[in-house]
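Notes for the one structure printed next.
What you see is a predicted model, and the numbers here were worked out from it, not measured in a lab.
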Amino acid sequence: MKRILFIVVAVACFMSVANAQETNNPKHVFGVRAGVNFSKPTLTSDLFEDMTNKFGVGVHVGGTYDIAMSKSHKWYFQTGLNVKYNSAKAETFHEGIYHDAGEYNTYSNKYKALYLEIPAMFTRKIRITDDWGFQPAIGLSYAFGVWVKCNRENTKYEHGEAVGTVSEKNDLFSDDVLNGGANWTRSVINGKLAANFTYKHYLIGADIAYGFNGDLWGIGLSVGYNF
């Protein structure tokens, strides 16, 4: 009986301490974030079926605003504004038949894009210790494409040796496909999933974003500070 009473008292004390820690979370939280992106095209090339998509590296910087949705300040709605520079690649998969061909061409596309992103996430603040915390988040974001460029290289080979390369730069937001456009979506709705660890006011985390109607998907790594 004493053991049971001791366990009940210990659980009650732990719950009261945990609740006190949660209520210490502020109602409004402003933060800054910066980090790197790893982006990849979602579709194969509209001109060459044997194009292989590859990740490119970009950067992002922005600010966040969290507002508590519950009296205990455990659940927050998170929004803000991010500036994201993305890069990605697509290259011809030229193993096999090209090795036996007398003449063939290879293609390489390098994408560079700038987006403004507004997140709409739901996040849960979980205390691990007085200083450490875990903060998962799930939701959507709206991204507006400012510009997206593609540097395309067409290299001609004869008997296994490169004899010439033709390069061109195109605006992929253009719907003029015959003149280099690709009709990429300028307004994108992304699904996002994030996992963050906090130490006092500092944050480190990762997220995955997939555009339901977009042309890129990616993984982001961030560091930040909450005021």
Notebook entry, point to check: Which value, rounded to the nearest 0.5 Å, describes the distance between Leu81 atom CG and Leu116 atom CG?
Noted result: 6.0 Å
Item checked: Nearest-0.5 Å distance that lies between atom CG in Leu172 and atom NZ in Lys112 -> 12.5 Å
Notebook entry, point to check: CG of Leu114 to CG of Asn86: how many Å apart, nearest 0.5 Å?
Noted result: 8.5 Å
Note to self: Tell me the closest heavy-atom pair linking Asn109 and Arg152, and the distance in Å.
What the structure shows: OD1-CG, 3.0 Å
Margin query: Does atom OH (Tyr225) have a neighbourhood of more than 12 heavy atoms from anything else shown, all under 6.0 Å?
Written below: yes
Item checked: Nearest heavy-atom neighbours spanning Gly191 and Leu140 -> CA-CD2, 4.0 Å
Check: Given the rule in the side-chain hydrogen bond (donor to acceptor under 3.5 Å, both in side chains) test, do Asn37 and His60 qualify, once you have shown the distances and angles that lead to the verdict?
Finding: CA-CA 7 Å; Asn37 310 321; His60 64 266; 2.6 Å; yes
Notebook entry, point to check: Cation-pi between Lys149 and Tyr111: NZ/CZ under 6.0 Å from ring centre and within 45° of the ring axis?
Noted result: no
Check: Rounded to the nearest 0.5 Å, how far does CG of Asn25 lie from CZ of Arg127?
Finding: 4.5 Å
Check: Taking C-beta and beyond as the side chain, do Phe38 and Val57 meet within less than 4.5 Å on heavy atoms?
Finding: yes
Check: Stepwise, does the side-chain contact (heavy atoms from CB on, under 4.5 Å) test hold for Lys27 with His73?
Finding: CA-CA 6 Å; Lys27 183 176 181 180; His73 296 178; 3.9 Å; yes
Notebook entry, point to check: Quick one: CG on Asn196 to OG on Ser222, what's the gap to the nearest 0.5 Å?
Noted result: 7.5 Å
Next item on the list: Can you see which heavy atom on Asn190 is nearest to which on Gly211, and at what distance?
Entry: OD1-CA, 3.0 Å
Notebook entry, point to check: Would one find more than 12 heavy atoms of other residues, nucleotides or ligands at under 6.0 Å from atom NZ of Lys40?
Noted result: yes
Item checked: Test of ring centre spacing under 6.0 Å for Phe77 and Phe122 -> yes
Notebook entry, point to check: Going by the angle between their ring planes, with limits at 30° and 60°, are Tyr115 and Phe173 parallel, tilted or perpendicular?
Noted result: perpendicular
Note to self: A quick test of your reading: do over 12 heavy atoms of other residues, nucleotides or ligands sit less than 6.0 Å from CH2 of Trp75?
What the structure shows: no
Next item on the list: Mind listing the closest non-hydrogen atom pair of Val148 and Ala113 along with its distance?
Entry: CG2-CB, 3.7 Å
Check: Is there a side-chain contact (heavy atoms from CB on, under 4.5 Å) between Lys89 and Asn53 once you walk through the steps?
Finding: CA-CA 6 Å; Lys89 302 175 182 179; Asn53 293 328; over 6 Å; no
Check: Under 6.0 Å from the NZ atom of Lys54, do we count more than 12 heavy atoms belonging to anything else shown?
Finding: no
Notebook entry, point to check: Closest heavy-atom contact between Tyr142 and Ser187?
Noted result: OH-OG, 3.0 Å
Next item on the list: Sequence neighbours left out, what passes ring pair (Phe, Tyr, Trp, His ring centres under 6.0 Å) with Trp132? Give chain and number order.
Entry: Tyr199
Note to self: In the structure I gave you, are the side-chain heavy atoms of Glu117 and Val83 within less than 4.5 Å of one another anywhere?
What the structure shows: no
Next item on the list: Measure up the Tyr210 and Trp217 rings against each other and bin them: parallel (under 30°), tilted (30 to 60°), perpendicular (over 60°).
Entry: tilted
Check: About how many Å separate OH of Tyr157 and OG1 of Thr155, when rounded to the nearest 0.5 Å?
Finding: 5.5 Å
Notebook entry, point to check: Any Lys/Arg nitrogen of Lys110 or Glu91 sitting under 4.0 Å from an Asp/Glu carboxylate oxygen of the other?
Noted result: no
Margin query: Tell me the closest heavy-atom pair linking Thr42 and Gly214, and the distance in Å.
Written below: OG1-O, 3.4 Å
Notebook entry, point to check: Should Phe30 and Phe227 be marked as a ring pair (Phe, Tyr, Trp, His ring centres under 6.0 Å) after you check the CA-CA gap, both sets of side-chain angles, and the distance that decides it?
Noted result: CA-CA 6 Å; Phe30 294 90; Phe227 298 96; 8.4 Å; no
